[in-house]
Student: 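If you scroll down you'll find the structure; I have some questions about it.
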Amino acid sequence: MKEYKYKINGNAYKVAIGDIENNVAQVEVNGIPYKVELDSAKKPVTVVNAPRPSAAPRTESGAKVIAKPATQSTGGYQIKAPLPGTVISIAVKVGDAVKASDTVAVLEAMKMENVIHAGRDGVVSSINVNPGDAVPDGGVLVTLD
């Protein structure tokens, strides 16, 4: 048993602490035995903050900024948005050679991420959107030569 001497409000106390089993301690204060129940230690909770895409940019009036579909170019294969949404990321750069199954962009629509594939082999000639842009259904994302 460990013994301690305390003075509380001018009164002297001699405290002896014995064994602790199952969160119950055997304590003796000035010769009087007590059973003291201890709080159980709680395990820390781990909070995971998953990164979320930022909201679509807005104008000063509060309206969403929507990337306008590019005008028809003279040739080239246009990869278009299959539904309206927000561009989360662009996976290619101008000049990159892509295969039909390669991912060119990720579009968030209806709280789901939609992976946009090239659709055919080619070389990226232009990227018409930036991450964070809101695009309409059929908006041109990337053009291939």
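Values below: every heavy atom of this structure, side chains too, minus hydrogens, waters and symmetry copies.
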Student: For E108 and N114, which heavy atoms make the closest approach, and how far apart are they?
Tutor: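 Distance-wise, the nearest heavy atoms are C-ND2, 4.5 Å.
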Student: May I ask you to check whether over 12 heavy atoms, not counting those of N30, lie within 6.0 Å of atom CG?
Tutor: yes
Student: Could you note down all residue pairs passing salt bridge (charged side-chain N to carboxylate O under 4.0 Å, His left out) where residues 13-32 supplies at least one of them, sequence neighbours left out?
Tutor: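 For residues 13-32: E3-K14.
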Student: Tell me the salt bridge (charged side-chain N to carboxylate O under 4.0 Å, His left out) pairs involving residues 89-98, sequence neighbours left out?
Tutor: none
Student: Quick check on the hydrophobic clustering: are Y34 and V24 connected, directly or via other members, by side-chain heavy-atom contacts under 4.5 Å?
Tutor: no
Student: Enumerate, atom names and distances included, each donor-acceptor pair closer than 3.5 Å involving a side-chain atom of residues 119-127, sequence neighbours excluded.
Tutor:
{"from": "D121", "atom 1": "OD1", "to": "A100", "atom 2": "N", "distance (Å)": "2.8"}
{"from": "S125", "atom 1": "OG", "to": "T143", "atom 2": "O", "distance (Å)": "3.1"}
{"from": "S126", "atom 1": "OG", "to": "N128", "atom 2": "OD1", "distance (Å)": "3.1"}
{"from": "S126", "atom 1": "OG", "to": "T143", "atom 2": "OG1", "distance (Å)": "3.3"}

Student: So L107 and I88, side-chain contact (heavy atoms from CB on, under 4.5 Å) or not? Walk me through it.
Tutor: CA-CA 6 Å; L107 184 70; I88 293 181; over 6 Å; no
Student: Give the C-alpha distance, both sets of side-chain angles, the deciding distance and a yes or no for side-chain contact (heavy atoms from CB on, under 4.5 Å) between Q78 and L144.
Tutor: CA-CA 6 Å; Q78 295 179 334; L144 302 178; over 6 Å; no
Student: Nearest heavy-atom pair of A109 and G85: which atoms, and what distance?
Tutor: CB-CA, 4.3 Å
Student: Once rounded to the nearest 0.5 Å, what's the spacing between atom CD1 of I79 and atom NE2 of H117?
Tutor: 11.0 Å
Student: Rounded to the nearest 0.5 Å, how far does CD of E113 lie from OG of S89?
Tutor: 7.5 Å
Student: Output, in order, the C-alpha distance, side-chain angles, deciding distance and verdict of side-chain contact (heavy atoms from CB on, under 4.5 Å) for I116 and T103.
Tutor: CA-CA 6 Å; I116 310 300; T103 299; over 6 Å; no
Student: Kindly work out whether a path of hydrophobic side-chain contacts (I/L/V/M/F/W/Y, heavy atoms less than 4.5 Å apart) joins V104 to V115.
Tutor: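 Unlinked, V104 and V115 end up in two clusters.
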Student: Over all heavy atoms of both residues, which pair between P82 and D137 is shortest? Give the atoms and the distance, please.
Tutor: O-OD1, 3.0 Å
Student: Below 4.5 Å, heavy atoms only, C-beta onward: do V15 and V27 meet side chain to side chain?
Tutor: yes
Student: Out of curiosity, N130 CG to I90 CD1, how far, rounded to the nearest 0.5 Å?
Tutor: 7.5 Å
Student: Taking C-beta and beyond as the side chain, do I20 and Q26 meet within less than 4.5 Å on heavy atoms?
Tutor: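 No; the side chains remain at least 4.5 Å from each other.
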Student: Quick one: do V129 and V94 end up in the same hydrophobic cluster if we chain Ile, Leu, Val, Met, Phe, Trp and Tyr together by side-chain heavy atoms under 4.5 Å apart?
Tutor: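 V129 and V94: one cluster.
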Student: Please say yes or no: joined through hydrophobic side-chain contacts below 4.5 Å, possibly via intermediate residues, are M112 and L141 part of one cluster?
Tutor: no
